[in-house]
Amino acid sequence: MNTLPELTEQTVTSNDCCGWTWALPVDPLCAREARCLLAGKLGTLEVPRDVVADAELMISELATNAYRHARSHGPHELWIFASGQLRGTATGPDPCEVVCAVFDTLPEPRLRTDAAFCGDFGRGLSIVAELSHGRWGVQPARSHLRYGVPGKAVWFGCAVPPAVVERMGRQCEDRRHLKVT
């Protein structure tokens, strides 16, 4: 029997962040669900297609790792939020970033290294590091959906045009409630 958690989208806002959180299934569909949710949200924000494709691959790697290494520490969560402030002009370097993360309740903040990869396994974090241009990491965090349960978030950032962050802000202002999707 498949016991998928109810998938919900929650808008998260604070003084320096706006974004969304979803519960992910703790089964082999975790990566697929994360990719679909991420692509859908980034699509509504009009993120460039090449950035969406890279983000889908990276989130797939993080969700797969959560399923494989923290399966009993779920359900996992997918987070998408804006990072940084709108600075500069459209002609200058792009300071805007969308941050994507997978949260689990496994308290171990260290990640397995890719040094001992075997066949098709063990390269995921190297892919994330390369595609994110080094803008990734792991940090202690608390659940957005389960009353602050402690764990960790593995995250990566994607540079986006300033208009994307502006659209994120408008969507967050319009949707400050729990929405079942």
Side-chain angles (χ1 to χ4, degrees), residues 1-42 54-83 97-118 120-129 131-132 134-158 168 172 175-181:
M1 173 181 252
N2 191 353
T3 57
L4 292 175
E6 179 182 359
L7 294 176
T8 61
E9 174 184 331
Q10 179 174 355
T11 301
V12 179
T13 58
S14 71
N15 290 337
D16 56 6
C17 167
C18 83
W20 298 268
T21 299
W22 295 265
L24 293 173
V26 184
D27 66 17
L29 297 176
C30 184
R32 178 176 169 247
E33 189 66 32
R35 280 191 311 275
C36 290
L37 291 166
L38 178 98
K41 180 51 70 181
L42 296 183
D54 286 350
E56 283 181 281
L57 179 55
M58 290 187 283
I59 207 67
S60 184
E61 294 295 339
L62 298 187
T64 297
N65 282 352
Y67 170 68
R68 292 187 75 204
H69 303 295
R71 187 177 317 179
S72 63
H73 297 275
H76 309 308
E77 297 173 14
L78 168 64
W79 301 347
I80 301 173
F81 58 94
S83 175
E97 185 173 71
V98 170
V99 177
C100 307
V102 173
F103 171 85
D104 64 60
T105 60
L106 182 65
E108 178 59 47
R110 291 183 301 147
L111 299 175
R112 295 178 189 231
T113 64
D114 292 336
F117 69 82
C118 174
D120 290 335
F121 300 104
R123 297 185 182 114
L125 295 178
S126 294
I127 291 169
V128 172
L131 292 177
S132 70
R135 288 287 303 138
W136 75 281
V138 60
Q139 66 186 55
R142 294 196 173 271
S143 171
H144 290 174
L145 298 176
R146 292 179 290 147
Y147 308 108
V149 172
K152 70 175 177 305
V154 185
W155 61 271
F156 62 86
C158 297
M168 289 182 84
C172 286
R175 302 167 78 186
R176 294 175 188 259
H177 61 279
L178 188 64
K179 177 188 171 209
V180 176
T181 57

Would you say [X] and [Y] make side-chain contact, with heavy atoms under 4.5 Å?
{"X": "C100", "Y": "M58", "result": "no"}
{"X": "K152", "Y": "P140", "result": "no"}
{"X": "V154", "Y": "N65", "result": "no"}

Out of curiosity, [X] [atom1] to [Y] [atom2], how far, rounded to the nearest 0.5 Å?
{"X": "L131", "Y": "E56", "atom1": "CG", "atom2": "CD", "result": "12.0 Å"}
{"X": "L125", "Y": "S132", "atom1": "CG", "atom2": "OG", "result": "10.0 Å"}
{"X": "H144", "Y": "E77", "atom1": "NE2", "atom2": "CD", "result": "7.0 Å"}
{"X": "T105", "Y": "R142", "atom1": "OG1", "atom2": "CZ", "result": "12.0 Å"}
{"X": "I80", "Y": "I59", "atom1": "CD1", "atom2": "CD1", "result": "7.0 Å"}
{"X": "C36", "Y": "K41", "atom1": "SG", "atom2": "NZ", "result": "14.5 Å"}

Atom of [X], atom of [Y] and distance for their closest heavy-atom approach:
{"X": "V128", "Y": "W136", "value": "CG1-CB, 3.8 Å"}
{"X": "L62", "Y": "F156", "value": "CD1-CD2, 3.6 Å"}
{"X": "C158", "Y": "A55", "value": "SG-CB, 4.0 Å"}

Q | CA sep, side-chain torsions, deciding dist, call: F103, R146, side chain to side chain contact (heavy atoms under 4.5 Å, CB included) | A | CA-CA 11 Å; F103 171 85; R146 292 179 290 147; 3.8 Å; yes
Q. Can you check whether S60's main-chain N or O pairs, donor with acceptor, with T64's side chain at less than 3.5 Å?
A.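 Yes, T64 side chain to S60 backbone: donor-acceptor pair under 3.5 Å.
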